[in-house]
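Encoded as structure tokens, the structure appears first; notes follow it.
The chains referred to below are lettered A, B, ... by the order of the sequence lines, with proteins before strands, and numbering in each begins at 1.
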Amino acid sequence: MAKEYNFREIEQKWHQEWVKRGTYRVKEDKGRKKFYVLNMFPYPSGAGLHVGHPLGYIASDIYARYKRLQGFNVLNPMGYDAYGLPAEQYAIKTGQHPEKTTFQNIDRYREQLDRMGFSFDWDREVRTCSPDYYHWTQWAFQRMFEHFFGCPLPTSPKGEANVPKARPIEELTAYLEKYGTEGLDAYGVAQGEDLNFSAEEWKGWDEKKRSDVLMNYRLAFLGETMVNWCPALGTVLANDEVVNGVSERGGYPVEQKKMRQWCLRVSAYSQRLLDGLETIDWSESIKETQRNWIGRSEGAEIEIKAVSKKGDSEEETSFTIFTTRADTMFGVTFFVLAPESELVDKVTTPEQRKAVDEYIKYVKSRTERERMIDHTVTGVFSGAYGINPITGDKCPIYVAEYVLAGYGTGAIMAVPAHDSRDYAFAKHFDLPIIPLIEGADVSQESYDAKEGVVMNSPISPEKSVEYDGESLCLNGLSIKEAIAETKRFVKAHKLGRVKVNYRLRDAIFSRQRYWGEPFPVYYKKGIPTMIPEECLPIQLPHVESFLPTETGEPPLGNATKWAWDEKNRKIVDKNLIDEETVFPIELYTMPGFAGSSAYYLRYMDPHNDKALVSDDAAAYWQNVDLYVGGSEHATGHLIYSRFWNKFLFDLGVSKKDEPFQKLINQGMIQGWSSFVYRLRNTNKFVSFDLLEEQYDEAKKKSLYYYQGTEADPVYADISMVNGNVLNVEKIRQWAAEFRDAEFILNGNGQYIVSQAIEKMSKSKYNVVNPDDICENYGADTLRLYEMFLGPIEQSKPWDVAGIDGCFRFLKKFWQLFWDKDGSLAADDSEATAENMKTLHKLIKKVTADIESFSYNTSVAAFMVAVNELSNQKCRSRQVLSVLPVLIAPFAPHIAEELWEALGNETSVCDAKWPAFDEKYLVESSVRLGVQFNGKVKFSMDFPVDATPDEMVSQVMAADEAQRFLNGMQVVKTIAVPKRIVNIVVKPKG
RNA sequence: GCCCAGAUGGUGGAAUUGGUAGACACGAGGGACUUAAAAUCCCUUGACCAUUGCGGUCGUACGGGUUCGAGUCCCGUUCCGGGCACCA
């Protein structure tokens, strides 16, 4: 009897062995080079893992194992992102406390992960919801609170490089004490607020006022921001949770509300986040996404004088506009303010007051979302006029919602000829349009392109105001030159300044939720104060009622023991609050991204209770060499994490400016959703091929009818379907709604379902569970198959059909090592040249493929090699003993088993990755196609080292060539060694 | 609207980066073994024409171009996916 490939036995055995031997435990080892591989840690949802989850884990595990075989000291950890909204939603849905469900889900995940044979060092596991872990989330938050961002101040320690970074807030307070805001260069003055004061003023203020002022600079700060507030749900909602002004869940009204929230000053790091992208090895598309998100734009801020007639007198104020098109100053025909801008109130004339107030009321009634979708032109005249400093023209100032308060200065100059939004507005309000680019036709639409030659700038010389004897003229310049020239002019005559703006917003950092990190903050007489560092972590109190409350009180308000006793430095009952020594603690919790922002640092030193990470560990592991995860985190986690790391880098905690050197974005594995069709208002289901399709233009989807009755699609579980044929008996047992249903079958007696490729999700009943695959084929087959499916970066639907091919391959691979009688086939016979060629071809291919993450082609290379060796009847130990090492990254269980069978006592993980030797691959001759006029006519063998001349003369001498040379003359010959021989001929004469 | 990435057999996907397109796998068809099934093995499988032989023609979304030679490079078009979006 041949020895059977018993994957169940093998895999179980090695799971136990690995644990017993501690095969995957990692220690810092200064003698070896480190390599840090990381997956985005999973969110343990109630549904468990589906086949899509392991894709990235397998890919990174292959790389980690490969690097280890190459002699690197590899860190490959795993943990759980366990705090946040989904965990809480799941708990609410199942009526269980999140503490309970989260730990249940984690256990289930662990069980599933363990089956797949990953080389994770579980001793380093982190859970964001564990106090040992969030201790350091809270710690980092406190440090952000205690820092501001900027270049060294005169009050900073001497000798610091003049680069902007996080600096202790004490340097700022020392400055303010000495100089006030005079000459201060620190990031973070609140938008639109005039924050200038003298040292005397500062000294005169009380603690509360100073605290408020410093909030404008702290990297973690309390700020007033507009949020989508849903009173019925008692929580803030994200933009995507609001649809048409009502909550997505429940349809409750949502209002715009200004709320005091904790925020992180991510925007301070805009330029560094942008610059850092140049130094990391990420895909161009994800870098581009981040660049868009950061949204740097270079432009100019220009001061505009405004006059409003109030009664008989004229009142003069001024405002600042931001533009990237300084060259279009001569085309300005009006100005626009954002409705939320504080200037609106200042400039509005009494005559226009009523109209403006009404307009602002209307704008306030609209949600952020409505404003995004609906671009109809709205606006109102303020009654005031702005004076264009370049032309001296007096242009009306409008208030319109198309100008956003949060970007730039909340005020713009409108150039209808060269901006489509201004154009639409000008047409609507019948305002003049002055074209500025030669040849641009602006009678139908604006000319927005940044190409062309400037004209009408000015229309006539007197239309350009003189400053110190100089007036601006841009006529004849290209747009680029005109922009530069205008900037120079504006700067030289102090009409404004050159300015860079970023779209990146500060992150709102608090949630009215229970299941998150509590803030280590208490309110001492209304002043937010940090709980002393050595008292951390502040543990999340257990509360029975964790649901958001209707009044908007955060659930932490239900905690009875939730006040800070400053004197005794501990948490006490909130009834003891006296505002003298016992103070209320912050009731908000941190958002999901708090815990996931620096977890990669914690893996380096997960049990340290003195620091987030020890200096030694951080110095050894540096940063993540290879990070694997979904691209959906491009503008979330991957921005926050980079921000967080840069902050910790400024503090010296993190040793690298960028946390993730190389990033691979694995694609999604989609599921095949299946639909059965129920005739409306009946319990009859009709086979899909019997339905008539009609396309509904209004709903933009197909509707289905059977004998005039509309049929509605209903999800059927993927396990009920074979191909596209429904197992009727099975579905009757699956859910009550089908038990007594009538199924109308097609002519073949089958019920056909319709199918769609969708994201794998429990609610779509298209989830394929990796456990079933492991059960039927084994983890090695699953690993191999998921890699074989295609490039890891690509999204693709799960199709179980091809898995047999990988299973067959592993069986063949296994059989290579065993004789018919079940004894080991490997012997001491010498490997043939053919054997060695196959082996080294494989080594070369697999090595190159792993380095470039082309795992699908390396699996194919294995299949070819095994077929060849099998045909060669190779028994040589010289060859066979290399194979388990090569396959170990992909299929570790079978590799270990064969490695042991070959008589090795150590784990295959500690073997050495084989080097390929070119000498086995060198051919004595190479077969090349011979072309005439670029068409391959026949093939010939050439010596590998043949020169072009030799190749050509060999072709000319060949009998086959005479056919094509007959009656022809040679025009040209092209011969590239090992590549191609081409003879260009044409008829003689 | 702007930006990014794509389009190759019935299917998933290869192609040394400009050098014989379709590796490998699935599916399909045919055959061997078997009482039978499963498992295993062998052959065929881009299209069309020829098939008693060689073989020939066309083919990488579409239209052009560069080149001895293009799936690969350039220009234009169409379609699909992703991101951003009154960001001045």
From [atom1] of [X] over to [atom2] of [N], roughly how many Å is that when rounded to an integer?
X         : N       : atom1 : atom2 : result
Leu789(A) : rU11(B) : CG    : P     : 16 Å
Ile639(A) : rG83(B) : CD1   : P     : 15 Å
Ile286(A) : rG83(B) : CD1   : P     : 11 Å
Asp849(A) : rA14(B) : CG    : P     : 11 Å
Met668(A) : rG83(B) : CE    : C1'   : 14 Å
Asn665(A) : rC4(B)  : CG    : P     : 17 Å
His418(A) : rA88(B) : NE2   : C1'   : 14 Å
Glu793(A) : rG13(B) : CD    : P     : 13 Å

Hey, which sits more toward the 5' end of RNA chain B by its nearest nucleotide, Asp419(A) or Gln290(A)? Gln290(A)
Per nearest nucleotide of RNA chain B, the residue lying toward the 5' end, Val864(A) or Lys845(A), is Lys845(A)
When you measure from the side chain of [X], which nucleotide among [options] comes out closest?
X         : options                   : value
Leu404(A) : rC86(B), rC24(B), rC84(B) : rC86(B)
Glu401(A) : rC86(B), rA88(B), rG19(B) : rC86(B)
Gln794(A) : rG13(B), rG19(B), rA88(B) : rG13(B)
Trp293(A) : rA85(B), rA88(B), rC24(B) : rA85(B)
Asn867(A) : rC4(B), rA25(B), rA88(B)  : rA25(B)
Met863(A) : rA25(B), rA88(B), rG13(B) : rA25(B)
Thr323(A) : rA88(B), rC68(B), rC3(B)  : rA88(B)
Thr857(A) : rA14(B), rC3(B), rA88(B)  : rA14(B)
Arg503(A) : rG13(B), rC84(B), rA88(B) : rC84(B)

Within the pair [X] and [N], is there a side-chain N or O less than 4.0 Å away from OP1 or OP2?
X         : N       : result
Tyr402(A) : rA88(B) : no
Asn856(A) : rA25(B) : no
Thr289(A) : rG82(B) : no
Arg808(A) : rA39(B) : no

Walk me through it: do Glu340(A) and Lys364(A) pass the test salt bridge (Lys or Arg N to Asp or Glu O under 4.0 Å)? CA-CA 9 Å; Glu340(A) 297 85 356; Lys364(A) 272 193 179 153; over 6 Å; no
Could you go through Arg497(A) and Glu303(A), starting from their C-alpha distance and side-chain angles, then the distance that decides it, and tell me whether this counts as salt bridge (Lys or Arg N to Asp or Glu O under 4.0 Å)? CA-CA 9 Å; Arg497(A) 64 206 72 84; Glu303(A) 296 295 333; 2.8 Å; yes
Whole-Å [atom1] distance, [N] and [M]:
N       : M       : atom1 : answer
rG12(B) : rA23(B) : C1'   : 13 Å
rG46(B) : rU52(B) : C1'   : 26 Å
rA50(B) : rC58(B) : C1'   : 15 Å
rA14(B) : rG64(B) : P     : 29 Å
rG83(B) : rU66(B) : P     : 40 Å
rG59(B) : rU78(B) : P     : 24 Å
rG19(B) : rC74(B) : P     : 15 Å
rG18(B) : rG31(B) : C1'   : 43 Å

With the 90 degree cut-off around zero defining syn, does rU60(B) come out syn or anti? anti
Is rG83(B) in the syn or the anti form, by the rule that syn lies within 90° of 0? anti
For a quick check of understanding: with a heavy-atom distance under 4.0 Å over all strands, which category does [X] fall into, base, sugar-phosphate or nothing?
X         : value
Val403(A) : base
Thr328(A) : nothing
Ile412(A) : base
Glu284(A) : nothing
Lys811(A) : sugar-phosphate
Pro791(A) : sugar-phosphate
Arg291(A) : nothing
Lys812(A) : sugar-phosphate

Plane angle bin for [Y] and [X] - parallel if under 30°, tilted between 30 and 60°, otherwise perpendicular:
X         : Y         : answer
Phe807(A) : Tyr777(A) : perpendicular
Phe425(A) : Tyr402(A) : tilted
Tyr407(A) : Phe322(A) : perpendicular
Phe429(A) : Tyr398(A) : tilted
Phe7(A)   : Tyr5(A)   : tilted

So that I can compare with my own list, what are the stems of RNA chain B, taken as at least three consecutive Watson-Crick or G-U pairs with distances under 3.5 Å? B:1-4 with B:81-84, B:10-12 with B:24-26, B:27-32 with B:40-45, B:46-49 with B:55-58, B:61-65 with B:73-77
Start with the C-alpha gap between Asp448(A) and Ser446(A), add the side-chain angles, then the distance that decides, and say whether side-chain hydrogen bond (donor to acceptor under 3.5 Å, both in side chains) holds. CA-CA 6 Å; Asp448(A) 291 20; Ser446(A) 63; 2.6 Å; yes
Around atom NZ of Lys837(A), are there more than 12 heavy atoms from other residues, nucleotides or ligands closer than 6.0 Å? no
Around Glu445(A), counting heavy atoms of other residues, nucleotides and ligands shown, do more than 12 lie under 6.0 Å from its CD? no
Counting only distance, no hydrogens or angles, is the base of rC68(B) paired donor-acceptor with the side chain of Asn982(A) under 3.5 Å? yes
Where is the tightest heavy-atom contact between Arg325(A) and Met413(A), given as atom of each residue plus distance? O-CE, 3.6 Å
